[in-house]
Structures are given as C-alpha cells and as structure tokens.
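Chain identifiers are assigned alphabetically (A, B, ...) following the order of the sequence lines, protein sequences preceding nucleic acid strands; residue numbering begins at 1 within each chain.
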Amino acid sequence: MNDALVIIPALNEEKTVAAVVDSILCAVPTVDIVVVSDGSTDRTAQEARAAGAFVINLSVNLGIGGAVQTGYRYAKERGYQYAIQIDADGQHDPADLPRLLEEARQGRGDMILGSRYVERTAYRSSRSRRMGMILLSTLVRLAVGYPIKDTTSGYRVVNRRIIELFSSYYPFDYPEVEVLVLLHRNHMTIHEVAVQMKERQAGVSSINVRKSIYYMVKVTLAVGLELLRKRAVEED
Amino acid sequence: MNIYILGVAFSLVFLFAVVDLMRRRVLMEQYSLLWLGMGIVILLVSMFPQWLNGIAVAVGIYYAPSLLFLIGFLFMLGTMVHLTVVLSRLTKRTVRLVQEIAILKAELADEGRTRTEDADQTRTMVALQPTENSK
C-alpha cells in the first residue's frame, strides 16, 4: 500500500475511466487509485478494475459530493496520508501530479490546488465562464481574505488533516468553491500550483444556463452560510 | 353554535386518530407532539369560542375566524419546516449508510479475490505433488 490515494468519482464513464487510471499509474506509479462509481449503469466499474484501480460501487446515486466523500472515508479508514482528486473525464493532466504531491509532502499547504490561472497555460474558456469565475474569485477572496485564482479547480492534493475533515463533512454538490471557504474556516491552508488543462475527451460538460444560475446561487449561499458558522464540522 | 359542536367532534376524532397512530407505533412520539398540540388547540378553541373572539379583538382582527386561519397557516409553516429538517437528517444518514456499505462490499470482494488466488495457488501446489490417494 502506498501513502497516497487518488479518488476518482465516475458516473457512466466507461470510455475514459481506464485511460485515466492508466495515465495516472504511468505518471505516478507510487499511488493507489480508488474509483467511486456513483451508481453507474455501464461498465465503468469493470473497466476501472481491469485498469488496476480499487473500485467502490455505490448502489444508489449519491451525487458528486457523496461519491467523493466515499473516497475520503475509505482513505481515512485505510490510513492514507494524502488524497488526490482528479477529474475522470481526462481534463486534468496526471503529468502534473508528481509536482503537486511533492508540494504536499513538503507541507506547502494542507491542500495543494492545481490551478489554470497561476501562470499562463494553454487553457482557454468562454467569456461568460470567465465572468462567472471572476465573480467567484471575488466572493472567495472576500470570504477567505486572500486571493485564490482558480476557485473552481477540482484538481487537488490534500493531507491527512483534510482527509479527516472531509470524511465528516463534504458539500453535497458543486463542492469546489465551498471547500475553499470550509478549509479556511477550519484553519487549513491552500496553496496553488499551475497545471495544464486539456479539452474534455468524452462526455458533456455538466454546465448549462439553468445549471449555471443554480450553481451561482448555491455557491453564494454556501459561502455565506459557511461564514455564519463558528467551526463547520461536527459529527452527528 | 352548531359549528362549534362540529369543531369539538372533529378535534376529538383527530386527537383519537393521532393517539391511535402512536399506539400502533406508526407515528413516532417525537413527531406526534406537534399534532397533539394542534388537536388540543382546536379542541380548546371549539369549546371556548369566546377565547378566539377575545384574542382577535386584542390583536385587532375584526373577523374572528380569520385568526383561526392565521393560526392554522402558521402551524402548517412550522410543521413543514420541521419536516424538511427531519428529511435532511434522513438524507444525511442514508448517504452515510450507502457509503459505508459500498466500502464494506468493495473490501469484502477484494478479500474474496485474494483468498481465491491463494486457494488456486495451493491447489496447483497440491496437484504438483503426488499424494497417497492418487495411486
């Protein structure tokens, strides 16, 4: 067993999941991989297992937050020191992972965030999307007190403290932004590192107009509520 | 006066129904308090309609029955908030259960696989060695 676990939530990603697992194991052979299949109805689980991942099959679809948290609970139970999140749709480049992991091992922050905007990278996005990101950045900056450039990045390495925190509480959906404020409120540090972003290989982005509005309202509300809490996490 | 007799009858039937649900353990005590409370309020108001009038006059409501609507409305509001709180708690517990079961199942399956591999190895080793029985 290695000391770092990659958590990959996957919902019907049979075409890409094996490639993602492969590319991670090629880039960093010294990590374990858990694929949390969130009630997939295709061959996601089999493909992932064949590629060499440990597969947890949720019998009911829990949504992205519930699926990811399953990975963190598994990491906590098995005593992993670091947990890594990377999107299963192939947007994130695992070649950056050794660098992120090294930063985490050196204790540069409780969470190392793979960011698209720290330095100039090849990534481009639409105008409305950039507007939304700027809005979120401002919001997070107000809540956290220091700037975070890529607030919606789902590419990250966290240490044991955060594994334990996420095991007891993890946002239900659209977790990226809320997590930043949650960590800040629990006195944990975030360190951003530039990474390359690739175009999606398969599948559709889950963002459309109606969802974007829901996203903005939900995230704003979540951040606002987070600020009203003393310390966010308690066991029930 | 008739409507008040009807009110008393209704609230008695309502209270009886709630108590019966509790007796059969269909309704848990912790959720029944609200309903018992409402039944008792309706009963009291039906038995002593002058109370309703008195309160209505005191808070400046000219048409006493509208106070009744107000009380009913507020009560429903409270009940529904309470229900969504309970629902949220249930959701949280269900999620946790699904997670725990999924992890357990995955670990069990994993253990099973290693055990089969071990067994396969032992069987191969046994097959390679000639035994007494194989003569």
Task: Intermediate values then yes/no, side-chain contact (heavy atoms from CB on, under 4.5 Å), B:I103 and A:R73 - done: CA-CA 9 Å; B:I103 293 176; A:R73 295 179 76 85; 4.0 Å; yes
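Between B:A102 and A:L58, the shortest heavy-atom contact is CB-CD2, 3.5 Å.
Residue contact with chain B, scored on non-hydrogen atoms closer than 4.5 Å, involves the side chain of A:F54 exclusively. The contact between A:E77 and chain B is made entirely by side chain atoms (from C-beta outward), counting heavy-atom distances below 4.5 Å. For B:E100, the part sitting under 4.5 Å from any heavy atom of chain A is the side chain, from C-beta outward, and nothing else. Contact annotation for A:I56: both backbone and side-chain heavy atoms come within less than 4.5 Å of a heavy atom of chain B. For A:V55, the part sitting under 4.5 Å from any heavy atom of chain B is the backbone (N, CA, C, O) and nothing else.
More than 12 heavy-atom neighbours from other residues, nucleotides or ligands sit within 6.0 angstrom of CZ on B:F75. Atom CE of A:M1 has more than 12 heavy atoms from other residues, nucleotides or ligands within 6.0 Å.
Of the possible polar contacts, one joining the B:Q99 side chain to the A:G66 backbone as a donor-acceptor pair under 3.5 Å is found.
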